[in-house]
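The next block holds one structure in the form of structure tokens; read it before the comments.
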Amino acid sequence: MQAFTDAILTALAQETSLAREDLKLETPRNPELGDFAFPCFPLAKTLRKAPPKIAQELAEGLAKRLEGIEVQATGPYLNFRIDRPILARSVIESILKAGDTFGHSQEGAGKTIVIDLSSPNIAKPMSVGHLRSTVIGAAIQRLHDALGYTTVGINHIGDWGSQFGKLIAALDRWGEEVDLDNDPIPALLKLYVRYHEEEEADPTLKEAAAAAFRELESGVDGPVRAVWRKMTALSLSEFDRVYARLGVTFDEVRGEAFYESYLDQTVQRVVDTGITEESEGALVVSLKQFGENLPPCILRKTDGTTLYATRDLAAVFHRWELYSFERCLYVVGGDQRLHFRQLKHVLDRMGLEWEPRMEHIDFGMVRLPEGRMSTRHGKVVFLQDVLDEASRRATEIIKEKNVNLTNPEAVGEMIGMGAVVFNDLKRERVKDIAFTWEEVLAFEGDTGPYVQYTHARLSSIGRKAAAAGEGSGKCDFEAVAEDSTLILELGRYPNVLVRAAAEAEPSLLTQYLLGLSRMINSWIAQRRVLGQEEGVTSARLALANSCKVVVSNGLGILGVPAPTEM
RNA sequence: GCGCCCGUAGCUCAGCUGGAUAGAGCACCGGACUUCUAAUCCGACGGUCCCAGGUUCGAGUCCUGGCGGGCGCGCCA
């Protein structure tokens, strides 16, 4: 498909003597008009002619330069239409030839993308909020993998900070009252909530927590550290169960604690650039030059311990030295926009020219209809419950609809996970989501299961054709000439990947797959593959297989399973 | 109070980085299963693109100012 747009752009460039980069093709709103369009308005000024006249004049010259592509001037637009059989053959053959690498490229060869994703806090259950960072980050990583980048997915576990001082203090006091061994996460959560309830009334609790964190950070390998280690291990094994269900893996799992030994040199490195100052007993970098009201970045608290920002700086230095990344993407909620702005400003003040490569890939909050989720106040929806319920409901439906299926539980799990993951990737990243069970458990309409169902139907057609021994003949591409809207959409897939990766926006791919699935289901309803003339069946089967390849590849990148039956 | 993000059909959202008549899903209504899976398809209904200015041949899209909602604003992460 690229070949066609390339040819058109080259011809346009020659005919108008403008640079190719300045010319942009669009898709006509009405497909009847053509496959690609070029609006002549921008040329009006330089040529001092009316756009419709320009279109008319250009059309004649272009027609001579283009073979297999019809040119027509319609008002101020030039519309291009590719010869139907040529289009069909070109798109279908390139998809079937590439197979599961269709849409892949080498544009990222030799470049490394670091992605910071998921990053849950230990000692807390994962909520539906953590799901977003996990699935968005994983999709962004696979998008870059497909484009030939070297990617490094890092799960930056929240395993450090004063909150663990609190937890250790709470464990110290009430540890006997909870069952840490059999039900670790809820037990820790209970302690965390209780600490926050009681710290107001009991100031010694606050001091005990601060002391515990001081000891943790001092490096002393005593009882405090032992407790911390235990909490970490318990949490990580819980997380792994969720990641396995979601099909997410990481190249590195490095908690904040990993950077512990880098903290002093990190602070020193900033100090050496001469931009730090002492303010109210803390070591800070002033960011006033970027905005009068911008708070400074604090590197060390009055008591000498570090903060989130210090550890994030240590992490980004470490990553830069290790990977010399093209981009380092932080898939973190929008509530931390200020934090990342501050970090980038610090890098900027340090004179590091790679500062723009660090990007905060922010996303909207998941809220409950009645308001904000809060772990402390018990107003959360646990991810595990959502996954369980989605899987259960999908299995239930499957048993009802497809009694012949031998493994309804396994497929139900695929559909359930697909519904949850796809739903989270469906809309633009930045948009907030109001969590409702009704929405995550929807299996009809604009949902993951709709796309999965499309894939299952296409797979079924392939199976039936093979069983009947049909469709292996020479394709009559005239037979799919009428299906050019679908074929053009298939051809667009590689560009969708490029754009989705560049913008770190998986929703471009989910939206594309929804639109494509709509076209496919409509096509299936009105065209029969089996039992036609050999050339017709072969061509239609090739088209169906092309659709299957694109849907399957797209779902793979999103991390949504593509069942062949459901 | 200040800063950032969002505002498109009753609800949830697209809108190809400024182009031709603003599109889907859900819900509601009417049709289509002895024919490759009805988790589907076809049709009907549904719009002051938050408001007011501005830039432009052209604005849902860009700029300014409002309004509404969300998030954040020095020793939490």
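To find a chain, count down the sequence lines: A is the first, B the second, and so on, and within it residues start at 1.
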Please work out if [X] contacts a base, only the sugar-phosphate, or nothing of the nucleic acid, heavy-atom cut-off 4.0 Å.
| X | result |
| --- | --- |
| A:L514 | nothing |
| A:T436 | nothing |
| A:S162 | sugar-phosphate |
| A:A468 | nothing |
| A:E503 | base |
| A:P295 | sugar-phosphate |
| A:D159 | nothing |
| A:P42 | base |
| A:A44 | nothing |
| A:K124 | nothing |
| A:Q452 | nothing |
| A:P28 | base |
| A:L283 | nothing |
| A:R427 | sugar-phosphate |

Taking ring pair (Phe, Tyr, Trp, His ring centres under 6.0 Å) as the test, write out the residues that go with A:F36, two or more places apart.
->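 Applying ring pair (Phe, Tyr, Trp, His ring centres under 6.0 Å) to A:F36 gives none.
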
Is the shortest side-chain N/O distance from [X] to OP1 or OP2 of [N] below 4.0 Å?
| X | N | value |
| --- | --- | --- |
| A:K431 | B:A14 | yes |
| A:T447 | B:G25 | no |
| A:Y450 | B:C41 | yes |
| A:R311 | B:A77 | yes |
| A:R457 | B:U37 | no |
| A:R393 | B:A39 | no |
| A:K464 | B:U37 | yes |

Salt bridge present between [X] and [Y] (N-O < 4.0 angstrom):
| X | Y | result |
| --- | --- | --- |
| A:R540 | A:D483 | no |
| A:R457 | A:E565 | no |
| A:E32 | A:R81 | no |

When both distances are under 3.5 Å in a Watson-Crick or G-U wobble arrangement, the nucleotide paired with B:U12 is B:A24

Taking the same atom, [atom1], in [N] and in [M], what whole-Å distance lies between them?
| N | M | atom1 | value |
| --- | --- | --- | --- |
| B:G70 | B:C57 | C1' | 38 Å |
| B:A27 | B:G7 | C1' | 22 Å |
| B:A32 | B:C71 | P | 49 Å |
| B:U8 | B:A52 | P | 16 Å |
| B:C2 | B:G74 | C1' | 16 Å |
| B:C11 | B:U48 | P | 12 Å |
| B:U34 | B:C49 | P | 46 Å |

Please tell me which of the listed nucleotides, [options], lies nearest to the side chain of [X]?
| X | options | answer |
| --- | --- | --- |
| A:E444 | B:G74, B:A39, B:G15 | B:A39 |
| A:L338 | B:A39, B:C73, B:A24 | B:C73 |
| A:T74 | B:A20, B:A39, B:U37 | B:A20 |
| A:L530 | B:G23, B:G74, B:C36 | B:C36 |
| A:D446 | B:G25, B:C57, B:C13 | B:G25 |
| A:E439 | B:A24, B:A39, B:U12 | B:U12 |
| A:Q163 | B:A39, B:G70, B:A77 | B:A77 |
| A:M566 | B:C71, B:U37, B:C42 | B:U37 |
| A:L307 | B:A38, B:U21, B:C76 | B:C76 |
| A:N293 | B:C2, B:C57, B:G70 | B:C2 |

Position toward the 5' end of RNA chain B (nearest nucleotide), A:E256 or A:R367 = A:R367

Note: for A:I398 and A:W523 on RNA chain B, the residue whose nearest nucleotide lies more 5' is A:W523

If you take atom types as modelled and just measure distance, does the side chain of A:N521 reach the base of B:A38 with a donor-acceptor pair under 3.5 Å?
->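 Such a pair does not exist between side chain and base.
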
Say whether, by atom type as modelled, one donor and one acceptor occur between the side chain of A:R132 and the main chain of A:D424 under 3.5 angstrom.
->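 Judged by distance alone, yes, a pair lies under 3.5 Å.
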
Could you go through the side chain to side chain contact (heavy atoms under 4.5 Å, CB included) check for A:R48 and A:K45 one step at a time?
-> CA-CA 5 Å; A:R48 300 167 63 93; A:K45 216 175 260 171; over 6 Å; no

Approximate separation, where rounding is to 0.5 Å, of A:E292 CD and A:L294 CG |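 The CD atom of A:E292 sits 10.0 Å away from the CG atom of A:L294.
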
Can you tell me how far CG of A:L514 sits from OG1 of A:T447, rounded to the nearest 0.5 angstrom?
-> 7.5 Å

Does CD belonging to A:Q72 count more than 12 external heavy atoms closer than 6.0 Å?
-> no

